[in-house]
Amino acid sequence: MSTPFPFTAVVGQDDLRLALLLNAVSPAVGGVLVRGEKGTAKSTAVRALAALMPAVDVAPGCRFSCDPAAPDPGCPDGPHPPGARASRPARMVELPVGASEDRLVGALDIERALAEGVKAFEPGLLADAHRGILYVDEVNLLHDHLVNLLLDAAAMGASYVEREGVSVRHAARFLLVGTMNPEEGELRPQLLDRFGLTVEVAASREPEQRVEVVRRRLAYDDDPDGFAAGWAQEEADVRRRILAARELLPQVRLGDGALRQIAATCAAFEVDGMRADIVMARTATALAAWAGRTDVLAEDVRQAALLALPHRRRRNPFDAPGLDEDRLDETLERFGGPSGDEDPDEDPDPGGPGGGGQPPRDEGAPSGGDTGARPEAGEGGEPQASGAGSGEQAPARAAEPFRARALSVPGIGEGAAGRRSRARTEHGRTTGAHRPRGALTKLHLAATVRAAAPHQRARGRSGPGLVLRRDDLRQAAREGREGNLVLFVVDASGSMAARQRMSAVKGAVLSLLLDAYQRRDKVGLVAFRGAGADVALPPTSSVDAAAARLESLPTGGRTPLAAGLLRAHEVLRVERLRDPARRALVVVVTDGRATGGPEPVALAGRAARLFAADGTACVVVDCESGPVRLGLAGRLAGELGGTAVTLEELRADSIAGLVRDVQGTSGRAA
């Protein structure tokens, strides 16, 4: 096993290290979600923490790491003989993004359970992580049903495995750490809320600190053991401090004053639910124990708010996480000190890694939710190269988004789990049964019994038990929903450049992006204007990035509709090679006009028919306005083999909540 990079040798990232240490002191805090760009020591810090965790005593031979001092009465390997114990290092278990449900929670041998009536259980990663660390790299790419299982186990401290009435339960208490790069997609708000703390990390912009990072990394790569030995004393000191804080934690007093500050802070920042209050209370208590105190101070409450609240304030995926520190200080000051008996001479600084202040931010990073700073159309702005000299206008602000009608791809797919189109999935309603291909994962009990029943006499059945063979087992066929690739092809030409018109168009696309976020889709953006078309955003899971590109999209010039369609067709071709199971939905936002070049209308028609030949689901959002309408968007929809809807018809409330599949016919949707 390779020598891990020492935790105390990590340069900077004080808030990250503090959040990890607080969870080591009190796992009840609820784990840490680490958000940040690539190459910021997220994984290095998490893996280094495992070496700091104190060793654990376990019951000998127990696959579930039961504490011999307080064994789990429901442990599948129990009961354990009293007094027997063994010691081992705390584990850090990594959950791969592509793991199956059985790998996470464990698997029951259904064949033995039905034929022999025994619970043959193979523990999963949750059992391995009990009393240790469970680390999920790129947690935002993990399937939703696995995230739900993971967070439920973390909240309840136990894992339940149920298969056709056979149930196994075991303890599963662990320090949950997830890391993610927001550029690759966000977690849903309800899942964000289940992480106790969150930390934003970014690479330092200070040259001296960056030099020190490189110096330490090179020294570690040259001699990992020697480098670790040089930091052994610091590591031992932190390990002892964790043990001391754990012992002190039950004695820490959380007074009514601190509780009032916590409640007032959560109310002032309009945090939903009560989980934030509980997490803040536990975090403030852990901060006091880490500082060696038995009273919670105002500084503890402030630091707890900075760690526990930013990710709980997001109202939509385009809101940047963060906390107004001036408002926080005003709230804490208004509601007074947390207790009436603090020692005014006591040092409030918890010391060690961490301290106050918001996690470091890249001031130059774009915020998808901040539209107020964008200039209005016609106020200036830098043109894109493809439209230089074409009379383009500055980006227009997007209108207020609305709840969009649901669009789906016809037929049944087999893509990644999501919430848009029908698909054959591992989770969903049961629609039938078939012989298992590979390992049995979802037993169809009735079909299995029907398959075995005619052979019982020939198999010599004499008792009440059912005599089963492997060939009798039937896999349940289930139908759920998949996520799709929603590719937006947006007309940014001069015919769309009227300020109110483009504002409405951007508002409509923003609404569809919100819908794509909720349905777990990938999104892409192709814009055409001037002399050609550009891929403004390659297919990605980050709707934040799509919203930012949309907001900065300028308009002007001719309407190269054919170029936009051809570029979109090429994007789909490449994406099918990367992810052949994910079906596409193409949303063309245009008034249907085609100008520029020889025979632009005929060329656009030929490009559109490529989508129809491929069977790609398409919808045209008709942006034509005015008393006289040419119906060009409807004609384009016919060429694409899709449907056309107006901006008004795109609103869910305008059609009384009617949900229609994208049909493979021309004409406007009713």
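We use all heavy atoms of the structure for the numbers below, so side chains are in, but hydrogens, waters and symmetry mates are not. Count residues from 1 along the sequence.
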Flag the pair [X] / [Y] as yes when at least one side-chain heavy-atom distance between them is below 4.5 Å, and no otherwise.
X    : Y    : answer
L443 : L473 : yes
V645 : V619 : yes
V279 : R312 : yes
E101 : L104 : no
F488 : L513 : yes
L565 : V588 : yes
K522 : V486 : no
V571 : P538 : no

Verify, without hydrogens or angle tests, whether [X] (side chain) and [Y] (backbone) share a donor-acceptor contact under 3.5 angstrom.
X    : Y    : result
S408 : S421 : no
D521 : N484 : yes
S511 : G507 : yes
T179 : K42  : no
E551 : A548 : no
E138 : V97  : no
R651 : R403 : no
R474 : G432 : no
D534 : A536 : no
T559 : L561 : no

For residues [X] and [Y], report the shortest heavy-atom separation together with the two atoms involved.
X    : Y    : result
C618 : F611 : SG-CB, 3.9 Å
A617 : V409 : CB-CG1, 4.0 Å
S493 : T555 : O-CB, 4.1 Å
V139 : V147 : O-CG2, 4.3 Å
T430 : H444 : CG2-CD2, 3.7 Å

D515: what forms a salt bridge (charged side-chain N to carboxylate O under 4.0 Å, His left out) with it, not counting sequence neighbours?
->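 For D515 the salt bridge (charged side-chain N to carboxylate O under 4.0 Å, His left out) partners, ignoring immediate neighbours, are R420, R519.
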Any Lys/Arg nitrogen of E482 or R582 sitting under 4.0 Å from an Asp/Glu carboxylate oxygen of the other?
->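 Salt bridge between E482 and R582, a charged N being under 4.0 Å from a carboxylate O: no.
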Presence of salt bridge, R567 and E570, under 4.0 angstrom |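 R567 and E570: not salt-bridged.
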For the side-chain contact (heavy atoms from CB on, under 4.5 Å) test, which of V199, L197, T198 pairs with H311?
->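 It is T198, the one option of V199, L197, T198 that forms the side-chain contact (heavy atoms from CB on, under 4.5 Å) with H311.
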Hey, could you give me the CD/OG1 distance between Q475 and T448, rounded to the nearest 0.5 Å?
->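 Result: 9.5 Å between the selected atoms.
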Among all residues two or more places apart in sequence or in another chain, which pass the side-chain hydrogen bond (donor to acceptor under 3.5 Å, both in side chains) test with Q518?
->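 Checked Q518 against side-chain hydrogen bond (donor to acceptor under 3.5 Å, both in side chains); zero matches.
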Verdict with reasoning, R422 to E479, per salt bridge (charged side-chain N to carboxylate O under 4.0 Å, His left out) = CA-CA 7 Å; R422 296 171 57 199; E479 182 179 305; 2.9 Å; yes
